[in-house]
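Quick note: numbers below take in every heavy atom, side chains included, and nothing from hydrogens, waters or symmetry partners. Keep in mind it's a predicted model, so treat the numbers as computed, not measured. Quick note on labels: first sequence line is chain A, next is B, and so on, each numbered from 1.
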Amino acid sequence: MAQVLVVDDSSTVRNEVCDFLKANGLQVASAVDGKDGLDKLKSDPAIKLVVSDVNMPNMDGLTMAEKIRGDLKNNAVNIIMLTTENSPSMKERGKAAGIKGWIVKPFNGAAVIGSLKKLVA
Amino acid sequence: MSVRDRIIMLVVLTLVALASIGGYAILQSHWNASEVKVVTEGVVPSALATADMVAQLKDVQISTMAVVTSPDANLARQANDKLSAQKGALQQSLELQLRQASSDTQRGLVEQAMESLANYFAAIDDTAKLKLAGQQTLAEANLFATVGQYQSELEVIVETLRIEKNRTKDSAIDALNRSLTQTVSAISVVSLAAILGLSFLGLLLYRQVILPITHMQEMMSEIATHQDFTHRLPVGSNDEIGRSIVAFNTMIEKIQESSAQLKQKTNDIQTMLQNMPQGILTIAEGNRVHPEYSAFLESIFECSDIAGRDVMELVFANTNLGADSLAQIEAAGGACIGEDVMNFEFNAHLLVGEIEKTMPDGRIKILDLNWSPITDEADITVRLLLCVRDVTELRQLAAEANEQKRELEIIGEILAVSQEKFHEFVASALKFIDENELVIRACPKSQPEAIAKLFRNMHTIKGNARTYGLRHLTNIVHSAEQTYAELRKERPGIAWDQALLLDELAGVRAAVERYAKVNDVSLGRKGPGRRGNVDRYLMVEREQIRKTLHRLETVNTSNLHELIATRDAVRNVLRRLGTEPISQVLAGVFDSTPALAKELGKIPPVVIVEDNGYFVHTQVSGMLKNIFMHLVRNSVDHGLETPDERLAQGKLAAGTIQLQMGVADGMLEIMLSDDGRGLALQRIRQIAEDKGLIETGELLSDEEIARLIFRPGFSTAETVTEVSGRGVGMDAVQDFVKRENGRIDIVFTDQAVGAEFRQFETIVYLPESCAVFAEESDIDDDLEEAELDDQAIDAGDLRAVS
């Protein structure tokens, strides 16, 4: 049972984000790529928020988001992308996949925790 | 009348017209039908019946003839029976005619015929009786006489009746035809009238309804197309159209109002954007600058083609930001625009708040950036608002204020040390620094003894600085000492780098020299100081330093005006350190003037001092006291006349001595003048001749004569008075001034060339650096109040340093 699923292939980022969210009282699960993320989300219906990297091996974050909405038919979970850049085409895809927001790296917990907590509530 | 009423009226009128026409047509056809019936069933058969009657009459005639001519009685009887039947039929026909008679003429004719018929039948009966009685001859005679007569008569009547009947029939048919024609005409006319009337009404309706509606529609289209909300539709009626127009006009009025408000708002915003001294722009999708931005932005970025530019290029090109920061800003901007406002919260921390931008000519501008999202109803960020402020000046001022603060703190630190000790400290510190420099230069590589010496020397400077409480210096020295301490370690964390070490040492030297400069220049304490010399004391109020520091510490560094005001105030305070107002310097001189005047039998003069904002350095105050003591005494003694003399000349009994200060051509000028008798040129010349300073009768200008008083040993007093004749003449005064790199001169202020007495002023010229110009300020006021209040000047408030 977790509230937030953190998906990132970089263990450094993953751990940093997970630790920060845990330290702020959230229950956190993590996944190493898009495929893993989909499996974790399938097995844990309590997840309210997915914070995902974009560029990952096996399945990238945007594809995962599309599959969450498409294959899993899960329109309730909030999806936030962690990114280093964003192009109009990325934003277009994100919008189609119902992505709530984009957090530009580096992850600055203090700046985003308030909004993230609202998305979990 | 409303359009609805008009349409109802038109419909009703149409119905009424149609009903009238229909009713009339029905009525007419009914009447015509009955007429036709009358003609076909009455008039025509009746006319035909009259023709039959003629035949019947012939039959009766023939039958009568048959009766008379029958050969026997039987036959006669049979013929008589037949005759009777025919008579009956004729009788009936005639009776029918009587009933069918349609006019008096016909009726008269029928009655006449009936009468004649009765006579005819009576004659026939008589004849038949005669025959039957066998009286053949009589019967025959009767037949031809009586019967024939009546028969002819009856024939004429019946013929007349037949003609009359025919005539009636023809006229009835004519009447019927006429009536039918009339009906057709009447219906045609009424229909035509109805069509015309209804057409007219329709036209009227069209004009009153359709036209105004069309017109209204055109006007509305016009207004809608041109957005000209000043137009109003004319209200032509009080009907639905009129009310629609009124409603439309009201709507347009409202639109005009709100459009005017919108226009005003837009105008206001435009005016703001045009005039506010701040750069404002909005960033749209694709990081493009929206065409509406504040005009000031152009002066900040020093270019005019801003609309549509890439904000990354316009704002962030040639700045102190690295490529990664730029990429983050670009990504953060992209993540915010067109997305939920939450994304702004996520990424706002990446949007930098201050940049240093290098302009094309190499100047660096410090720009303060303030970001905020512009959202729509759905909380989507449509654009980013970026406020740009050029804070270069502000930052410079803040740095300047910081610098002033440091200087004030340094002053405070220095003032806590006696001049003599401070002088020794600086001298020893510089000596150690010189030594260290030689050591470093001599060692291209690390040498333990050298490092030990460097450390020792620096440690000594630090110890001394700390002892005297020179905190700023201690910090700098400490960091140099730490470097040496690190190098001293077995495994130093840093390498021996000659250049770096020399740089660091130069920093220490600069710090020491700065302290020395503050001491020498700002505080005027150059040199080792002389114990017991009151003139060399510098009075600085501790409270003043505290207040000034407080002001610097509390200044709002984001307020340009406040910063400037504070900087100027502090600058005044700093400038005035080690200076005094001339009135204060010469207070002793002017205080002694009344007593001197009385001694000489004169009324104490009015003394006017105008320093024009200049303050003199304390280094020269002693000299000024000395020379002005002499010059003012000369004025009172030689210049000002006795009250009697003055009154006799129309002057006020009390004389006036005026002292003015100013700076011109790089020199400080102190001018002294009085309203006495002036310079006694004749007398000066006489004395000079007597003393052999000049040849008797030598040609000299007034100015040359005046300058004789500066010759050594010259004295103008007729008797050696208590006052002037102390042996300190004007030559001594000139010496004093020259020692401070100044000069003294006498300038005539009247045009009386060659006169015995001439008005003049004595001008003392000194280097400009002997004075400072300082405007009054809050802190100054505080200071002066404290200085003027004797109670405030006690050992606790003042620090006297020699």
Legend entry - Option that, when pairs with chain B are counted at under 4.5 Å, heavy atom only, ranks first among A:Gly101, A:Ser87, A:Gly114: A:Gly101

Legend entry - CD-CD1 distance between B:Glu345 and A:Ile103, expressed to the nearest 0.5 angstrom: 11.0 Å

Inset, instruction - Could you tell me whether B:Glu393 atom CD has more than 12 heavy atoms of other residues or ligands within 6.0 Å of it? - result: no

Legend entry - Test item: A:Ser115 and B:Asn343 side chains (from C-beta on) under 4.5 Å apart, heavy atoms: no

Legend entry - Test side chain to side chain contact (heavy atoms under 4.5 Å, CB included) applied to A:Val104 and B:Leu351, B:Asn347, B:Ile329, the passing residue: B:Asn347

Inset, instruction - Go through the atoms of A:Thr83 and report whether side chain, backbone, both or neither lie under 4.5 Å from a heavy atom of chain B. - result: neither

Legend entry - Proximal component of A:Ile80, with respect to chain B [non-hydrogen, under 4.5 Å]: side chain

Legend entry - Gap separating the CZ atom of B:Phe346 from the NZ atom of A:Lys100, nearest 0.5 angstrom: 9.5 Å

Legend entry - Residue B:Glu298 excluded, over 12 heavy atoms near CD under 6.0 Å: yes

Inset, instruction - Just give me the residue among A:Lys118, A:Lys91, A:Glu85 that pairs up with chain B most often, heavy atom to heavy atom, under 4.5 Å. - result: A:Lys91

Inset, instruction - Step through the shown structure and confirm whether more than 12 heavy atoms of other residues, nucleotides or ligands are within 6.0 Å of NZ on A:Lys67. - result: no

Legend entry - Straight-line distance of B:Glu339 CD to A:Lys95 NZ, nearest 0.5 Å: 4.5 Å

Inset, instruction - Rounded to the nearest 0.5 Å, what's the gap from CG on A:Asn78 to CE on B:Met342? Could you check? - result: 7.5 Å

